[in-house]
Amino acid sequence: MKTFTSFTEKKRTNQAVLISAFVEETGKNESFFLPLSVTKIDGNTLSVDDEFWKTKLLEMQNPATEKLAAISTALYEPGEKSAKVSISARLESLDRTYEIWLFLPNSKIEDVTGTQNEDGGTSYTIKVPQWVYESALKNALEYQLNNFWNKDKEPQEHYTAEDFTVLNDIK
């Protein structure tokens, strides 16, 4: 059994517990979920099944790399906590293209590259985790839909985020 004598229980569900503790094997404080089925908490002592701990430790030592989305855009405005990025989305049924602003948290932006265009403008490529891009796009489209495009429509006529096609180069 792997034993911790100093840990913080951050959150608990019916099936798991989120723990923060110093992990000797990695040499740093880590936060991780442990299934209650392999975990025993007795006062100030936390014990974890050895086989499960070996697997969990491998995950901590070799974290999976996140898939990144590279967003090509002409508008990139860094802010204090997030960056504003513009993408174009086409609503097929109206045969119109709209400019949508995505707000990406600065802490999730992996890389920003700017290149000069032939017309003197700057084109940016912003790399963020794929899930951050998808979440920002969904939030931006839903905001536009709820506050503008679907405002005066009957529920059966409402557009959805899936009705839009992103025109920017997303890799």
Side-chain angles (χ1 to χ4, degrees), residues 8 10-11 13 16-23 25-35 55-171:
T8 303
K10 292 181 144 185
K11 187 175 182 177
T13 68
V17 61
L18 177 60
I19 298 295
S20 178
F22 180 78
V23 178
E25 295 89 340
T26 64
K28 57 185 178 179
N29 282 318
E30 304 272 4
S31 291
F32 48 92
F33 277 101
L34 295 172
T55 304
K56 181 57 97 176
L57 185 57
L58 279 174
E59 287 177 16
M60 285 184 217
Q61 292 171 332
N62 304 306
T65 57
E66 290 185 301
K67 182 179 179 188
L68 296 179
I71 306 164
S72 296
T73 182
L75 175 70
Y76 168 71
E77 292 180 6
E80 188 176 320
K81 293 183 180 180
S82 65
K84 181 168 69 170
V85 175
S86 173
I87 63 163
S88 295
R90 182 175 185 73
L91 183 56
E92 296 297 331
S93 59
L94 292 181
D95 194 29
R96 294 193 60 191
T97 300
Y98 296 94
E99 181 179 16
I100 308 290
W101 290 354
L102 305 184
F103 292 91
L104 305 172
N106 290 336
S107 62
K108 296 297 181 187
I109 296 175
E110 299 283 332
D111 185 44
V112 178
T113 307
T115 55
Q116 292 292 334
N117 295 338
E118 294 172 4
D119 62 3
T122 303
S123 180
Y124 299 94
T125 300
I126 297 105
K127 291 183 181 177
V128 295
Q130 183 74 31
W131 69 268
V132 171
Y133 162 71
E134 290 170 358
S135 175
L137 177 63
K138 182 178 182 238
N139 289 342
L141 287 173
E142 286 179 356
Y143 176 83
Q144 293 291 330
L145 288 167
N146 293 335
N147 291 296
F148 302 104
W149 297 316
N150 288 335
K151 196 172 185 177
D152 298 325
K153 294 192 175 299
E154 295 297 320
Q156 66 272 17
E157 297 175 349
H158 281 189
Y159 299 113
T160 66
E162 290 76 30
D163 294 328
F164 289 86
T165 303
V166 175
L167 301 177
N168 292 58
D169 189 18
I170 311 290
K171 296 178 185 170

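Note that the structure is a prediction, hence the values are computed from the model and not measured.
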Could you give the distance from [atom1] ([X]) to [atom2] ([Y]), rounded to the nearest 0.5 Å?
{"X": "F103", "Y": "K81", "atom1": "CZ", "atom2": "NZ", "value": "14.0 Å"}
{"X": "T55", "Y": "M60", "atom1": "OG1", "atom2": "CE", "value": "11.0 Å"}
{"X": "S72", "Y": "I87", "atom1": "OG", "atom2": "CD1", "value": "11.5 Å"}
{"X": "Q144", "Y": "L91", "atom1": "CD", "atom2": "CG", "value": "11.5 Å"}

Under 3.5 Å, side-chain donor or acceptor atoms of residues 130-137 against the rest of the protein: list the pairs with distances, not counting sequence neighbours.
from: Q130; atom 1: NE2; to: E134; atom 2: OE2; distance (Å): 2.9
from: W131; atom 1: NE1; to: E66; atom 2: OE2; distance (Å): 2.8

Search all heavy atoms of [X] against all heavy atoms of [Y] and return the closest pair with its distance.
{"X": "A89", "Y": "I100", "result": "CB-CG1, 4.0 Å"}
{"X": "F22", "Y": "K28", "result": "CE1-N, 3.5 Å"}
{"X": "A69", "Y": "I170", "result": "CB-CG2, 4.4 Å"}
{"X": "E25", "Y": "Q61", "result": "O-NE2, 3.9 Å"}
{"X": "D119", "Y": "G121", "result": "OD1-N, 3.1 Å"}
{"X": "N168", "Y": "S86", "result": "ND2-O, 3.5 Å"}

Minimum side-chain heavy-atom gap [X]-[Y] below 4.5 Å:
{"X": "K84", "Y": "L102", "value": "no"}
{"X": "L104", "Y": "I71", "value": "yes"}
{"X": "T125", "Y": "D111", "value": "no"}

- Residues in side chain to side chain contact (heavy atoms under 4.5 Å, CB included) contact with S107, at least two apart in sequence or another chain: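 Testing S107 for side chain to side chain contact (heavy atoms under 4.5 Å, CB included), a comparison that skips the adjacent residues, returns P105.
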
- Message: Tell me every residue that passes side chain to side chain contact (heavy atoms under 4.5 Å, CB included) with A161, counting only those two or more places apart in sequence or in another chain.
- Response: L141

Those residues that, when tested against [X], pass side chain to side chain donor-acceptor pair (under 3.5 Å) (two or more places apart):
{"X": "T97", "result": "R90"}
{"X": "T165", "result": "none"}
{"X": "W101", "result": "none"}
{"X": "N117", "result": "none"}

- Item | Sidechain-backbone polar pair: N29 side chain, S20 backbone, donor-acceptor under 3.5 Å | no

- Item | Under 3.5 Å donor-acceptor, T73 side chain and L75 backbone | yes

- Message: According to ring pair (Phe, Tyr, Trp, His ring centres under 6.0 Å), does anything in residues 61-96 pair up with another residue at least two apart or in another chain? List the pairs.
- Response: Y76-Y124

- Message: Once ring pair (Phe, Tyr, Trp, His ring centres under 6.0 Å) is applied, what residue pairs with a partner in residues 140-162 remain, sequence neighbours excluded?
- Response: Y98-W149, W149-F164

- Item | Sequence neighbours excluded, every pair satisfying salt bridge (charged side-chain N to carboxylate O under 4.0 Å, His left out) that has a member inside residues 141-155 | K138-E142

- Task: If a pair satisfies salt bridge (charged side-chain N to carboxylate O under 4.0 Å, His left out) and one of its residues is in residues 156-171, list it, with sequence neighbours excluded.
- Result: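 Of all non-adjacent pairs touching residues 156-171, those that pass salt bridge (charged side-chain N to carboxylate O under 4.0 Å, His left out) are D169-K171.
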
- Item | With K108 via salt bridge (Lys or Arg N to Asp or Glu O under 4.0 Å) - residues at least two apart |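 Expected list: none.
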
- Note: K127-E110 ion pair, threshold 4.0 Å (strictly below):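 Judged by the 4.0 Å cut-off on N to carboxylate O distance, K127 and E110 do not form a salt bridge.
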
- Message: Does Q156 have more than 12 heavy atoms from other residues, nucleotides or ligands lying within 6.0 Å of its CD?
- Response: yes

